[in-house]
Amino acid sequence: MGSAFKKLCCCCCDSGDDDDEDEEKQPLIPQDPLEYFNREVQKRRDEETNLWSEPGDPSHSERDDDRVLYGLLQARNKTRMGSTGYRRLSIGIDAMRDTRREVRDKWKTVMENLGFTAEADSLLTVSAGASYDRMRNAPAARAMLNTLHSETSIFSSREPPPERYLLILDRLLYLDIAEDFLEKARSFYPPKDDSDEEESGLAINLPLLLARVEAMNGKGNEEEDDDESGGDDGNLSDRS
């Protein structure tokens with residue numbers, strides 16, 4: 001374990017290398033420094049709030065779950081705040097964010113149990129600038145991700161595991177704690193059947209959500225003023 005701690009600082013610093021490279025490509029003095037600073041702060045906040053499954057995809061369109069969440073966010077941005085449609089969209093957004101946070105919390109629990117209480121958040125942080133090209137052991141990380149997906153309930157088994165955790169596993173392999181993490185995950189989160197996942201709240205009907213998002217994007221904002229009269233089959237159900 002001692003060698004893992006010696007590597008930890010280097011490992012966590014590496015997670016920001018790509019951001020540094022991106023910053024080097026930017027002008028030294030932005031035209032509006034305050035606007036640039038606010039935009040960067042908002043970008044980091046969005047990354048931590050949405051926990052994109054494919055963090056390196058700026059379009060958020062490569063994976064169905066990212067595309068659904070992004071579509072919900074875009075639709076809500078075009079919807080009058082406080083309207084029934086806005087509340088329905090917020091329900092879907094919150095449900096997806098909660099599911100992603102639940103997975104992240106499981107990873108954090110395992111890491112803390114391994115003794116990485118202070119370092120867990122840093123190890124679990126994946127920025128938009130993270131690059132698969134900089135991974136030290138991509139094949140082993142991929143194999144372990146698939147094992148976690150099939151032999152534990154740390155993910156929802158109905159969907160492919162989020163790619164962000166491939167990058168995290170590469171860090172754990174570098175720290176030589178990946179096998180320990182896998183064993184703890186097997187112990188803490190043994191496999192569950194579909195009914196157990198539904199009861200735990202991890203199951204989300206992505207095809208249905210995606211169809212509803214596409215329907216809402218096609219209709220635009222015209223439905224918002226009269227949603228209160230009875231709702232629309234293309235919207236998310238209201239559970240206020």
Side-chain angles (χ1 to χ4, degrees), residues 1 4-5 8 11-12 15 44-57 60 63-66 68-69 72 91-128 130 132 135 137-138 140-206 209:
M1 184 67 72
F5 279 101
L8 182 59
C11 177
C12 292
S15 66
R44 296 298 176 92
R45 185 181 297 119
D46 289 345
E47 289 171 0
E48 283 304 300
T49 300
N50 296 314
L51 296 172
W52 299 110
S53 295
E54 186 70 65
D57 172 26
H60 308 303
R63 282 179 57 106
D64 286 346
D65 55 345
D66 279 352
V68 168
L69 178 56
L72 290 171
I91 289 171
I93 291 168
D94 290 343
M96 294 198 71
R97 286 174 170 173
D98 287 346
T99 298
R100 293 173 179 218
R101 279 194 294 268
E102 186 172 346
V103 172
R104 187 182 188 276
D105 288 346
K106 287 183 176 183
W107 280 69
K108 186 174 181 179
T109 296
V110 176
M111 287 187 180
E112 289 177 343
N113 191 267
L114 289 172
F116 290 86
T117 302
E119 301 83 6
D121 286 331
S122 295
L123 287 170
L124 288 169
T125 297
V126 179
S127 70
Y132 297 112
M135 292 179 62
N137 200 339
R142 174 69 65 185
M144 188 158 290
L145 184 69
N146 292 335
T147 300
L148 282 165
H149 183 235
S150 61
E151 298 183 10
T152 76
S153 58
I154 204 165
F155 298 117
S156 172
S157 62
R158 291 187 174 187
E159 307 158 18
E163 290 291 295
R164 67 183 301 110
Y165 292 100
L166 182 68
L167 297 159
I168 294 169
L169 283 170
D170 187 62
R171 297 172 187 172
L172 301 188
L173 284 163
Y174 176 70
L175 296 173
D176 198 25
I177 60 171
E179 289 294 339
D180 293 336
F181 182 92
L182 177 59
E183 290 307 311
K184 287 286 186 182
R186 282 173 171 152
S187 175
F188 283 22
Y189 306 109
K192 297 180 180 179
D193 58 32
D194 290 346
S195 61
D196 289 334
E197 287 179 7
E198 289 174 0
E199 291 176 1
S200 70
L202 278 176
I204 288 181
N205 192 330
L206 280 179
L209 272 177

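In this text the structure is predicted, and so the values were computed from the model without any measurement.
With sequence neighbours left out, the salt bridge (Lys or Arg N to Asp or Glu O under 4.0 Å) criterion links Arg142 to Glu163. Remark: Glu183 engages Arg186 in a salt bridge (Lys or Arg N to Asp or Glu O under 4.0 Å) (not counting sequence neighbours). Considering only residues two or more places apart in sequence or on other chains, Tyr165 meets the ring-ring contact (aromatic ring centres under 6.0 Å, His included) condition with Trp107, Phe155.
The distance from atom CD1 of Ile154 to atom CZ of Phe188, rounded to the nearest 0.5 Å, is 10.0 Å. Residue Leu182 holds its CG atom at 8.0 Å from OG1 of Thr152, rounded to the nearest 0.5 Å. Remark: Thr109 OG1 to Lys184 NZ distance equals 12.0 Å, nearest 0.5 Å. Distance check, rounded to the nearest 0.5 Å: CG of Leu123 to OH of Tyr174 gives 12.5 Å. Rounding to the nearest 0.5 Å places CD of Glu119 at 11.5 Å from CG of Leu114. To the nearest 0.5 Å, atoms CD1 (Ile177) and CZ (Phe116) are separated by 3.5 Å.
Between Leu166 and Met135, the closest side-chain pair of non-hydrogen atoms falls below 4.5 Å. Counting heavy atoms from C-beta outward, Arg171 and Val126 have side chains that approach closer than 4.5 Å. Taking 4.5 Å as the limit, some side-chain heavy atom of Leu169 sits within range of a side-chain heavy atom of Leu148. Residues Glu179 and Met144 meet the side-chain proximity criterion, which asks for heavy atoms closer than 4.5 Å. Side-chain contact between Arg100 and Arg104: absent, with no pair of heavy atoms (C-beta onward) separated by less than 4.5 Å. For the pair Lys108/Leu124, a side-chain contact is recorded, criterion being any heavy-atom separation below 4.5 Å from C-beta on. Between Glu48 and Thr125 there is a side-chain heavy-atom pair separated by less than 4.5 Å. The shortest side-chain heavy-atom distance between Leu51 and Val103 does not fall under the 4.5 Å cut-off.
Contact between Leu72 and Gly92 at its shortest, heavy atoms only, is CD1-C, 3.8 Å. When all heavy atoms are compared, the tightest approach of Pro160 to Arg63 is O-NH2, 2.9 Å. In terms of heavy atoms, Ser53 sits closest to Asp65 at OG-OD2, 2.7 Å. Nearest approach of Ser153 to Pro190, heavy atoms of both residues: OG-O, 2.8 Å. Taking each heavy atom of Pro55 and Ser127 in turn, the nearest pair found is CB-O, 3.9 Å.
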Next on the checklist: Walk me through whether Asp57 and Trp52 qualify under side chain to side chain contact (heavy atoms under 4.5 Å, CB included).
Outcome noted: CA-CA 9 Å; Asp57 172 26; Trp52 299 110; over 6 Å; no
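For Asp94 and Arg101, the salt-bridge test fails: no basic side-chain N is under 4.0 Å from an acidic carboxylate O.
Judged by distance alone, the side chain of His149 and the main-chain N or O of Glu159 form a donor-acceptor pair under 3.5 Å. No donor-acceptor pair closer than 3.5 Å links the side chain of Asn137 to the backbone N or O of Asp170.
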